[in-house]
Amino acid sequence: MQQWKNRVAVVTGASSGIGAAIAKALVKAGMITIGLARRVDRVQKLKEELPKDLGKNLHTFKCDITKEDEIIQIFSEIDEKFGGIHVLINNAGISISIGLIDNNNSDIIHKIIDTNVLGPIFCTREAYKAMSKHGINSHVVHINSIFGHIPPLVSDEFNTSIYSASKYALKVINEVHRQEFIQSKHHIKVSSVSPGYVKTEMTLNSFGEENLAKVPHLQPEDVAQSVLHILGTPPHVQIHELIIKAFGEEV
């Protein structure tokens, strides 16, 4: 991680769970880290939990990644204020159990697609502007899910139809970014991290604490360490896809 010391990282969805764990890990690794979230008070609290010499390198911007105009504005401000963007972690995501043929499902479907698919597309597009302009080695990491690799769960109790579709889409987006970055002639890596079950606020809300307790699962810090591993590879090495599960997980 020495190559990233004092470089600028942007983490979406940094207010809790995996995003918060990644933001803390990047700060501790010596990066100037910007946490994007709608609930900026939570990122501020995260900053206060860090030692002062580290907390000064955690910054926060309020940003709703379902709104393209906010993404454009915030990424431009970050580039101007911090002199570039070197690492982007597309972490923000939501999971809501809903069926394709359920009544009144429009708002939920739009919310999931806007957050899990369009958000990473627009954030990466805007980060690329800064990455290509400054001509420094850069890296984009998409936080995907095991549900981007397996059949969706469809039952009366739990339906991952739209969530799974969004994560399958992110898998394709990751590959498109890989090819486009190569064609751009800029040294920008892209990686996808697909965790199995992780104990986060989102998972507990969508899957239930009782159900999660029945299966082996990861902690957010486990995913953060995998991100550090990916970023720590030498310039000639690119980890394109990493699936991480708790030992014994059957999904």
Side-chain angles (χ1 to χ4, degrees), residues 8-23 26 33-40 42-43 59-79 85-98 105-131 138-148 160-178 180-181 188 190-195 198 200-203 205-206 220 223-224 227 241:
V8 179
V10 176
V11 182
T12 69
S15 61
S16 65
I18 294 172
I22 292 173
L26 293 177
T33 305
I34 293 93
L36 303 187
R38 291 174 299 164
R39 301 172 296 185
V40 291
R42 289 196 175 192
V43 184
H59 308 268
T60 182
F61 284 80
K62 185 175 182 180
C63 183
D64 182 348
I65 68 161
T66 67
K67 298 178 179 178
E68 184 183 357
D69 56 342
E70 283 194 22
I71 293 172
I72 294 170
Q73 177 187 342
I74 292 301
F75 275 75
S76 177
E77 287 182 18
I78 292 171
D79 183 29
I85 297 171
H86 309 104
V87 169
L88 169 65
I89 312 293
N90 280 313
N91 164 76
I94 58 171
S95 173
I96 302 173
S97 181
I98 193 74
N105 61 2
S106 298
D107 288 346
I108 293 176
I109 289 174
H110 280 295
K111 188 174 183 179
I112 292 173
I113 296 300
D114 287 347
T115 305
N116 297 2
V117 179
L118 297 182
I121 288 175
F122 295 143
C123 286
T124 304
R125 183 191 67 193
E126 296 308 305
Y128 172 75
K129 292 178 182 178
M131 292 173 175
S138 305
H139 205 138
V140 175
V141 178
H142 298 301
I143 303 300
N144 202 312
S145 167
I146 192 62
F147 285 103
T160 69
S161 58
I162 299 301
Y163 178 73
S164 293
S166 71
K167 292 304 185 178
Y168 267 88
L170 190 56
K171 182 180 177 181
V172 174
I173 289 164
N174 186 62
E175 172 59 20
V176 173
H177 279 146
R178 186 186 72 85
E180 289 188 343
F181 290 157
I188 303 174
V190 62
S191 304
S192 173
V193 179
S194 296
V198 185
T200 65
E201 184 179 309
M202 184 187 78
T203 305
N205 288 339
S206 61
V223 183
V227 170
E241 180 73 58

Quiz item: Can you find a heavy atom in the side chain of H177 that is under 4.5 Å from one in the side chain of I173?
Solution: yes

Quiz prompt | Separation of I22 CD1 from I89 CD1 (nearest 0.5 Å) | solution = 5.5 Å

Quiz item: Is there side-chain contact between T160 and S95, with at least one heavy-atom pair below 4.5 Å?
Solution: no

Quiz item: I143 versus V227: any side-chain heavy-atom pair under 4.5 Å?
Solution: yes

Quiz prompt | Trace of the side chain to side chain contact (heavy atoms under 4.5 Å, CB included) decision for Y128 with F181 | solution = CA-CA 9 Å; Y128 172 75; F181 290 157; 3.8 Å; yes

Practice problem: State whether the side chain of T12 and the backbone N or O of N91 hold a donor-acceptor pair below 3.5 Å, judged by distance alone. | Solution: yes

Quiz item: Of all heavy-atom pairs between V11 and G19, which one has the smallest distance, and what is that distance?
Solution: CG1-O, 3.7 Å

Quiz item: Any side-chain heavy atom of H139 within less than 4.5 Å of one from S191?
Solution: yes

Exercise. Nearest 0.5 Å please: distance from the CG atom of N174 over to the CD atom of E241.
Key: 6.0 Å

Quiz item: If you round to the nearest 0.5 Å, how far is CZ of F75 from OG1 of T124?
Solution: 7.5 Å

Exercise. Hey, could you give me the CZ/CD distance between F61 and Q73, rounded to the nearest 0.5 Å?
Key: 10.0 Å

Exercise. Kindly give the heavy-atom pair with the smallest separation between R39 and S16, and that separation in Å.
Key: NH2-OG, 3.5 Å

Quiz item: Which atom names give the shortest non-hydrogen contact between M202 and G93, and what distance separates them?
Solution: SD-O, 3.4 Å

Quiz item: When you measure from the side chain of H86 to the backbone N and O of V8, does any donor-acceptor pair fall under 3.5 Å?
Solution: yes

Quiz item: Which pairs pass salt bridge (charged side-chain N to carboxylate O under 4.0 Å, His left out) with one or both residues in residues 110-131, sequence neighbours excluded?
Solution: E68-R125, E126-K129

Exercise. Please examine the side chains of L36 and I78, heavy atoms only from C-beta on, and report whether any two atoms are closer than 4.5 Å.
Key: yes

Quiz item: So, for N90 and C123, which heavy atoms are closest and what is the spacing to 0.1 Å?
Solution: OD1-CB, 3.4 Å

Quiz prompt | From I94 atom CD1 to T115 atom OG1, the distance as rounded to the nearest 0.5 Å | solution = 4.0 Å

Self-check item: side chain to side chain contact (heavy atoms under 4.5 Å, CB included) between I146 and S194, worked out
Solution: CA-CA 5 Å; I146 192 62; S194 296; 5.5 Å; no

Quiz item: More than 12 heavy atoms of other residues, nucleotides or ligands under 6.0 Å from CG of D69: is that the case?
Solution: yes

Quiz item: Counting distance only, does the side-chain N/O of T200 pair as donor-acceptor with the main-chain N or O of T203 below 3.5 Å?
Solution: yes

Quiz item: Are any side-chain N or O atoms of S161 and backbone N or O atoms of I98, one a donor and one an acceptor, separated by less than 3.5 Å?
Solution: yes

Quiz item: When you look at V190 and E180, which way does the side chain to side chain contact (heavy atoms under 4.5 Å, CB included) test go after all the steps?
Solution: CA-CA 10 Å; V190 62; E180 289 188 343; over 6 Å; no

Quiz prompt | For the student: nearest non-hydrogen atoms of A169 and V117, plus distance | solution = CB-CG2, 4.0 Å

Quiz item: Measuring from I121:CD1 to I65:CD1, what's the distance to the nearest 0.5 Å?
Solution: 11.0 Å

Quiz item: How about I85 and S138: do any of their side-chain heavy atoms sit closer than 4.5 Å?
Solution: no

Practice problem: Under the side chain to side chain donor-acceptor pair (under 3.5 Å) rule, what do N116 and S166 come out as? Steps first, then yes or no, please. | Solution: CA-CA 6 Å; N116 297 2; S166 71; 3.1 Å; yes

Exercise. Check A14 against G35 and note the closest heavy-atom contact, atom names and distance.
Key: CB-CA, 3.6 Å

